[in-house]
Undergrad: 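Encoded as structure tokens, here's the structure I'll be asking about.
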There are 2 protein chains.
Amino acid sequence: MFTSLFHYISRFNTFTSEDRQIIESYFTFRQVPKKFNLIKKGKIARELFFINKGLLRLYYTKDTDDITAFIFREHLFASCYESFLRQAPGNQSLDTLEDAELLVISYDDLQTLYKKVPKMETVARKIAEQRFINAQLIFSSYILDSPEERWQKFEATQSDLLLRVPHHMIASFLGITPVSLSRIRKRLMDGK
Amino acid sequence: MFTSLFHYISRFNTFTSEDRQIIESYFTFRQVPKKFNLIKKGKIARELFFINKGLLRLYYTKDTDDITAFIFREHLFASCYESFLRQAPGNQSLDTLEDAELLVISYDDLQTLYKKVPKMETVARKIAEQRFINAQLIFSSYILDSPEERWQKFEATQSDLLLRVPHHMIASFLGITPVSLSRIRKRLMDGK
DNA sequence: ATGATTTCTTTACAAAAGTTAATAACCCTG
DNA sequence: CAGGGTTATTAACTTTTGTAAAGAAATCAT
């Protein structure tokens, strides 16, 4: 159950089996069905999730419809980070897209864990840095690439998600409407 | 010379005077003229800057013209973070907009400093988290707000920069052309 | 299985922003 | 203080994307 978690954090630091036992004791296992809401906008994100199985979608809501901010895959930590880090209400929500198996830790427990296993501080810094780098990458693409290029990059790097996620959710992630995505796909199909 | 730096990091952790002496020894003071290039895209960002005085602009270059990613003020750490954190070539550049006074630390020295003063690890995590939160905020605004709303927020929260930074650099930060910014400003002047 | 959503595409039209170019005002800088 | 560069605005035109609506295909739930 914890194999994948330790595999992930071992990239950032080495942990003894005592460390591991302490760490394990702070996480709880949770199974949730698809389309389940984990964090609602306006609320404080109290929990951080490590995804053993399933797909999680982070999104903004504007008026009636919503805009995908990120899709978290297996073996990643996920949360409404901004809200989680600040422990203040955020404007993002987090849902499952598929039936999911999660390892859950609360904010308070995480702070305690930093004290009990200081090496986790390094892991946390690295993860924060990684998330920052990732956010930057997405942001760069928003700024520098056309919607068409963004779609092509998405197709090239995350083609598996095309089968697991409705296109209109991907469209909003790319910053366009489903209509526009459809046009782009047609344009590319017709050989430019 | 270090007053402002310690004031800043004291928000995240408490430091003894021995700590301070060690920390000071790792930073060097540097004065640079306006329009000076600190980090060039394609190169690895080897240094992190704490701004005692002046204004720094982080930007992307696309074809001939460039797009402002962020404007760093006094009393902030600045760098091409993505490149700095990964120690890999990045696609951002960093210039001074005004004559500046900087405290500089190299990536390698920073890693050593983490070892010598482990409390700096907490500071680094907090700063990484803050930068992430900040990136998120800008990104949210990109996604949720119209260019007009972004301009109004900028005007409301960073009005001092309007006098220190050319409008076309702000326009690209808002994700629009100078022409479009001019139209928006006119629209708002004419009482909507 | 079948009726009801959800999802995707397409069309026609409208709105927003980009592009190019011309002009005027403002600084630097020598 | 003169001239070259930068900066900001405006206009005309083009391109892109959004909006609304309708229909077809796929998926879901009872």
Side-chain angles (χ1 to χ4, degrees), chain A residues 33-37 55 57 59-68 71 95-99 141-152 154-155 159 161-192, chain B residues 33-37 55 57 59-68 71 95-99 141-152 154-155 159 161-192:
Chain A
K34 74 159 80 171
K35 292 193 181 181
F36 186 85
N37 174 254
L55 226 47
R57 184 172 74 113
Y59 60 96
Y60 298 92
T61 31
K62 184 176 189 176
D63 309 319
T64 61
D65 49 26
D66 53 46
I67 300 168
T68 304
I71 294 165
D95 283 7
T96 55
L97 286 177
E98 304 173 343
D99 296 339
S141 181
Y142 245 83
I143 289 175
L144 298 174
D145 302 335
S146 66
E148 187 162 322
E149 287 169 320
R150 280 205 292 289
W151 163 255
Q152 286 178 304
F154 190 93
E155 213 180 9
S159 57
L161 289 186
L162 301 183
L163 300 169
R164 298 169 74 183
V165 181
H167 281 185
H168 71 267
M169 290 181 181
I170 295 170
S172 70
F173 176 69
L174 300 175
I176 53 178
T177 58
V179 178
S180 202
L181 176 56
S182 201
R183 279 195 281 242
I184 286 168
R185 281 159 53 79
K186 182 171 193 183
R187 213 149 60 210
L188 293 170
M189 288 293 249
D190 295 0
K192 182 99 214 161
Chain B
K34 75 158 80 169
K35 293 194 181 178
F36 186 85
N37 173 255
L55 226 47
R57 184 173 74 113
Y59 60 96
Y60 298 93
T61 30
K62 185 176 190 177
D63 310 320
T64 61
D65 48 27
D66 53 45
I67 299 167
T68 303
I71 293 165
D95 283 5
T96 55
L97 286 178
E98 303 173 345
D99 296 339
S141 181
Y142 246 83
I143 288 176
L144 298 174
D145 301 335
S146 66
E148 186 162 321
E149 287 168 319
R150 280 205 293 288
W151 163 255
Q152 286 178 304
F154 190 92
E155 214 179 6
S159 57
L161 289 188
L162 301 183
L163 300 169
R164 297 170 73 183
V165 181
H167 281 186
H168 71 268
M169 289 181 181
I170 294 171
S172 71
F173 177 68
L174 299 175
I176 53 177
T177 58
V179 177
S180 202
L181 177 55
S182 198
R183 279 196 282 242
I184 286 168
R185 281 161 52 80
K186 182 171 193 185
R187 213 150 59 211
L188 292 171
M189 288 292 250
D190 295 358
K192 178 113 219 150

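All chains are named by letter (A, B, ...) in the order of the sequence lines, taking the proteins before the strands, and each is independently numbered beginning at 1. No experiment lies behind these values; they were computed from the predicted model shown.
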Undergrad: How bent is the helix from dA1(C)-dT30(D) to dG30(C)-dC1(D), comparing axes over its five end pairs at each side, to the nearest 10°?
TA: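 Angle reported: 60°, given to the nearest ten degrees.
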
Undergrad: Report the C-alpha distance between I176(A) and R183(A) in whole Å, list the side-chain angles of each, state the deciding distance to 0.1 Å, and finish with yes or no for side-chain contact (heavy atoms from CB on, under 4.5 Å).
TA: CA-CA 11 Å; I176(A) 53 178; R183(A) 279 195 281 242; over 6 Å; no

Undergrad: Kindly say if H168(A) contacts the phosphate of dC8(C), meaning a side-chain N or O under 4.0 Å from OP1 or OP2.
TA: yes

Undergrad: Go through it in stages, so that I can follow the logic: the residues are Y60(B) and I143(A), the test is side-chain contact (heavy atoms from CB on, under 4.5 Å), and I'd like the CA-CA distance, side-chain angles, deciding distance and then a yes or no.
TA: CA-CA 9 Å; Y60(B) 298 93; I143(A) 289 175; 3.9 Å; yes

Undergrad: Measuring from atom CG of D95(B) to atom CE of M169(B), what distance do you get when rounded to the nearest 0.5 angstrom?
TA: 8.0 Å

Undergrad: For the residue pair L161(B) and I170(B), what are the closest heavy atoms and their distance?
TA: O-CD1, 4.3 Å

Undergrad: Starting at atom CG of L97(A), determine the distance to atom C1' of dT6(C), rounded to an integer number of angstrom.
TA: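 These atoms are roughly 14 Å apart.
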
Undergrad: Could you state the atom-to-atom distance from NZ of K62(A) to P of dG18(D) in whole Å?
TA: 11 Å

Undergrad: Distance check: side-chain N/O of R185(B) vs OP1/OP2 of dA8(D), anything under 4.0 Å?
TA: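 Looking at the OP1 and OP2 atoms of dA8(D), neither is under 4.0 Å from any side-chain N or O of R185(B).
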
Undergrad: Taking the side chain as every heavy atom from C-beta outward, state whether L174(B) and P147(B) have any pair of such atoms under 4.5 Å apart.
TA: no

Undergrad: Do H168(A) and D65(A) have side chains that get closer than 4.5 Å, going by heavy atoms?
TA: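 Not touching, per the 4.5 Å side-chain cut-off.
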
Undergrad: Distance check needed: dT6(C) P versus D66(A) CG, whole Å only.
TA: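 Rounded to whole Å, this separation is 13 Å.
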
Undergrad: With side-chain contact (heavy atoms from CB on, under 4.5 Å) as the criterion, how do L188(B) and E148(B) come out once you've worked through the C-alpha distance, each side chain's angles and the decisive distance to 0.1 Å?
TA: CA-CA 9 Å; L188(B) 292 171; E148(B) 186 162 321; 3.5 Å; yes

Undergrad: Would you mind telling me which of dT10(D), dC8(C), dT7(D) lies closest to the side-chain atoms of S182(B)?
TA: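 Of the candidates, dT10(D) comes closest.
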
Undergrad: Quick one: L163(B) CG to dT7(D) C1', roughly how many Å, whole number?
TA: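 Those two atoms, CG and C1', are 15 Å apart.
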
Undergrad: Verify side-chain contact (heavy atoms from CB on, under 4.5 Å) between T68(A) and R57(A), making sure each step is shown before the conclusion.
TA: CA-CA 7 Å; T68(A) 304; R57(A) 184 172 74 113; 2.9 Å; yes

Undergrad: Starting at atom CG of L162(B), determine the distance to atom P of dA8(D), rounded to an integer number of angstrom.
TA: 11 Å

Undergrad: Counting only heavy atoms not in K62(A), do more than 12 sit closer than 6.0 Å to its NZ atom?
TA: yes

Undergrad: Roughly how many Å is it from NE2 in H167(B) to P in dT10(D), rounded to a whole number?
TA: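 Checked: the NE2 to P distance equals 13 Å.
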
Undergrad: At under 4.0 Å between heavy atoms, which parts of nucleotides 17-30 of chain C does protein reach? Answer with one letter per nucleotide, 5' to 3': B base, S sugar-phosphate only, - none.
TA: BBBB----------

Undergrad: Could you state the atom-to-atom distance from CG of D65(A) to C1' of dT19(D) in whole Å?
TA: 11 Å

Undergrad: Just the rounded figure in Å: distance from C1' of dT9(D) to CG of L188(B).
TA: 15 Å

